[in-house]
Amino acid sequence: MWTRIKKRYVIPVVAGGFLFVGMSFKDDFFEVAKQIEIFTTTFKTVNQNYVDQVSPAELMDKAIKSMLADLDPYTNYFNEQDVVKFKINNTGEYTGIGAMITRKEDKLIIKEPYKGFAADKAGLKAGDEIIQIGDVLLSDYKEDASQLLKGTKNTKVDIKYLRQGKPLTTQLILDEVEVKAVPFFAKIDAKTGYIVLSKFNKKTTQETKEALEKLKADGATQIILDLRGNPGGLLNEAINVCNLFVPKGEVIVTTKSKNEKHNNVYKTTREPIDTEIPLAIIVDGKSASASEIVSGALQDLDRAVVLGSRSFGKGLVQRPFDMTYGTQVKVTISRYYTPSGRCIQALDYAHKDSDGKATKTDVTKANAFKTKKGRTVYDGGGILPDIEIAETKLSPISEALIRNDGIFNYATYYYYKNPNLGDKIPTISDADYADFKAFLKKEKFSFDTETEIALKNTLEKAKKENIDQTIAVEYQQLLSALQKSEESLLDKNKKEISKLIQDELIKRYQYKEGLYQYYTKSNVEISRSITLFNNIAEYNKILKL
């Protein structure tokens, strides 16, 4: 299926001394030249006549980035400084602390330390708030603070951090950080091998192949491939992972664009490892891009049963173009399509709603396609599993708790309140859940639902118009009603939220490896996969084998 792409005009870019001109430029040279002249004249006029001194570089930087931001989140401009940072971050020549971190206000928050790496060795825990790196106070440093934690191997970095409000110090010794693409695999019963695939980097295929061969050697006769939370990565690795299970010469993914040179068909090029072993793939709403290529292709080729919930729907392809003066632009050049012809992309950035947001594909109007053996599958953005599992799809209240760190912050509080659990699996009792709700109230946690944000924005506008006092009573009534509704949703989704709290707590005491180990014994999606394998007639029926 070919999706029509809205016609757009782009400024030509110079790459390596040659002028690359898009088809739209050829189609309407005058219109493009006219708009460039208007832009240039405006830029010069403002620069020469504005009341205060302006920076031409900053003006142009903001102008280009704002222009591209209106297209989609993946088409980006990199100025000279951005390109240097990008190259540093992607050469692999630096080392790091071995932790997932995030910036929040004037702090760097440790979200997850990786077992055995520098942060872990220095005693840092999830929830610790780094406030100073060397002599640099993060409250005074507005750049990308994570750059301060990078350097050559064995570099010593003194840091100050807060733990539960108490100031502490430690020293990090930077080391090589290589987080595995396959962080866990195991034989989970007499017949079933389980492989977690967390990213698609240059070692993904090799690590997956080694795990598969080891499991088969240990007697596994059926495989579960877990792609939940996998954001994607390298396209060729996605193709090669598929190639482990399907023959050489199979179409895995197609890219389509208005520009013919970006239209490509990608096929497997190697001999497979095993084309017969029963295969189940688990996906969720955070499985994106390369994960969707693997799950979509193996579904379309009737090679695997896909379980879970609809995947993210990131089906736009980007390519970087080098430009003059050391700058670069990364452009969305095409869309991904599965072997049956389904478009993976869920959001349509060419068509915005009244709020300026990209419109989402209406799944009720999804188009039907046929797999290799004639099964009916549907588009609608992302990959729709053969077996949908309700527990895999999170409720809006749970997503808000994750997005705004409600569960993360409670897990930090719980960990220091109960420091000696060790390798015991924490259970969330009714008393613990009541404690969780009390914690949210005490911390004045904001769910930031669309309704809550709209209500707060209304009050802010009322304040500006000096009418907030006249609506104060009504506002408070609405806010109270909303909070009661949120309280009700917390109770309604207690089982789901308790599981999310438990998962986060297991990571605190036993790292991510402990969580994967726990999943092998208790996870709904894994259990459903094993049940499917044990009913080979159902498995064969789904795949029309």
Side-chain angles (χ1 to χ4, degrees), residues 1-8 70-75 227-228 231-232 251-258 262-263 265 281-302 304-318 332-396 398-399 449-451 454 542-544:
M1 176 184 170
W2 183 275
T3 298
R4 200 165 189 80
I5 302 173
K6 184 178 178 181
K7 189 174 182 181
R8 289 188 179 275
D70 190 54
L71 298 178
D72 64 54
Y74 315 110
T75 298
L227 294 175
R228 285 175 292 181
V251 173
I252 299 300
V253 67
T254 301
T255 59
K256 296 180 183 180
S257 172
K258 69 176 183 185
H262 297 321
N263 294 341
V265 177
I281 298 176
I282 306 175
V283 296
D284 64 9
K286 293 183 180 179
S287 305
S289 192
S291 296
E292 297 173 294
I293 290 172
V294 170
S295 55
L298 294 179
Q299 184 183 53
D300 281 1
L301 297 173
D302 302 295
V305 173
V306 180
L307 304 94
S309 58
R310 185 184 288 273
S311 62
F312 182 81
K314 199 282 188 183
L316 298 178
V317 187
Q318 288 76 43
T332 296
I333 59 170
S334 56
R335 289 182 173 86
Y336 284 131
Y337 292 80
T338 69
S340 68
R342 291 179 291 166
C343 180
I344 293 173
Q345 181 64 21
L347 292 175
D348 183 359
Y349 292 100
H351 299 91
K352 308 288 178 68
D353 62 19
S354 57
D355 295 322
K357 295 180 180 179
T359 55
K360 193 173 180 65
T361 304
D362 185 353
V363 295
T364 64
K365 299 178 181 178
N367 300 298
F369 295 82
K370 294 295 183 181
T371 68
K372 193 172 185 179
K373 291 183 180 295
R375 292 190 298 140
T376 301
V377 289
Y378 297 91
D379 62 7
I383 302 302
L384 181 66
D386 300 299
I387 299 175
E388 290 190 88
I389 300 173
E391 291 90 336
T392 305
K393 187 173 182 179
L394 295 180
S395 63
S398 292
E399 290 180 341
T449 59
E450 289 188 18
T451 305
I542 291 173
L543 296 180
K544 287 193 173 182

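For reference, positions follow the sequence shown, starting with 1. We use all heavy atoms of the structure for the numbers below, so side chains are in, but hydrogens, waters and symmetry mates are not.
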Please lay out, stage by stage, how Ile542 and Arg375 fare under the test side-chain contact (heavy atoms from CB on, under 4.5 Å).
-> CA-CA 8 Å; Ile542 291 173; Arg375 292 190 298 140; 4.0 Å; yes
So Val377 and Leu384, side-chain contact (heavy atoms from CB on, under 4.5 Å) or not? Walk me through it.
-> CA-CA 8 Å; Val377 289; Leu384 181 66; over 6 Å; no
side-chain contact (heavy atoms from CB on, under 4.5 Å) between Thr255 and Tyr336, worked out | CA-CA 5 Å; Thr255 59; Tyr336 284 131; 3.7 Å; yes
Trace of the side-chain contact (heavy atoms from CB on, under 4.5 Å) decision for Glu388 with Lys393 = CA-CA 9 Å; Glu388 290 190 88; Lys393 187 173 182 179; over 6 Å; no
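Residue Asp300 is tested with Arg342, Lys373, Lys370 for a salt bridge (Lys or Arg N to Asp or Glu O under 4.0 Å); the sole match is Arg342. Of the candidates Ile281, Leu307, Val305, Val305 is the only one forming a side-chain contact (heavy atoms from CB on, under 4.5 Å) with Asp386.
Checked by atom type, the side-chain pair Thr371/Asp302 shows a donor-acceptor distance below 3.5 Å.
Side-chain atoms of Glu292 never come within 3.5 Å of backbone atoms of Gly315 as a donor-acceptor pair (strictly under, hydrogens ignored). In this structure, Thr338 contributes its side chain and Ile344 its backbone to no donor-acceptor pair below 3.5 Å. A distance-only check finds no donor-acceptor pair linking the side chain of Thr376 to the backbone of Ala368 [under 3.5 Å]. No donor-acceptor pair under 3.5 Å is formed between the side chain of Lys360 and the backbone N or O of Asp362. Checking side-chain atoms of Asp284 against main-chain N and O of Ser309 turns up no donor-acceptor pair under 3.5 Å. Listed for the Arg310 side chain is a donor-acceptor partner under 3.5 Å among the backbone atoms of Gly381. Between the side chain of Ser257 and the backbone N or O of Ile333 there is at least one donor-acceptor pair closer than 3.5 Å. Side-chain atoms of Asp379 come within 3.5 Å of backbone atoms of Asn367 as a donor-acceptor pair (strictly under, hydrogens ignored).
Within the model, atoms OG of Ser334 and CD of Gln318 stand 8.5 Å from one another, a figure rounded to the nearest 0.5 Å. The CG atom of Leu301 sits 11.0 Å away from atom CG of Leu543, with the distance rounded to the nearest 0.5 Å. Rounded to the nearest 0.5 angstrom, Cys343 SG and Lys256 NZ are separated by 9.0 Å. The structure places CG of Asp353 at 11.0 Å from CG of Asp348, a figure rounded to the nearest 0.5 Å. A distance of 7.0 Å separates CD1 in Ile282 from CD1 in Ile389, rounded to the nearest 0.5 Å. Interatomic distance, CZ of Arg335 versus NZ of Lys258, reported as 11.0 Å (0.5 Å rounding).
Listed here is the closest heavy atom pair of Gln345 and Leu316: OE1-CG, 3.3 Å. A pairwise comparison of heavy atoms in Pro339 and Ala297 identifies CD-CA, 3.7 Å as the closest pair. For the residue pair Gly285 and Phe312, the shortest heavy atom distance occurs at O-CB, 3.3 Å. The two atoms that bring Thr392 and Val283 nearest to each other are CG2-O, 3.7 Å, heavy atoms only. Annotation for Gly296 and Ile383: closest pair CA-CD1, 3.6 Å, computed over non-hydrogen atoms. The two residues Gly232 and Ser289 make their nearest non-hydrogen contact at CA-CB, 4.2 Å.
In terms of the side chain to side chain contact (heavy atoms under 4.5 Å, CB included) criterion, residue partners of Ser291 (sequence neighbours excluded) are, by chain and number, Phe200, Leu227, Asn230, Ser287. Considering only residues two or more places apart in sequence or on other chains, Val251 meets the side chain to side chain contact (heavy atoms under 4.5 Å, CB included) condition with Thr254, Val265, Lys267.
Put simply, the side chain of Tyr349 reaches to within 4.5 Å of the side chain of Tyr74, judged on heavy atoms.
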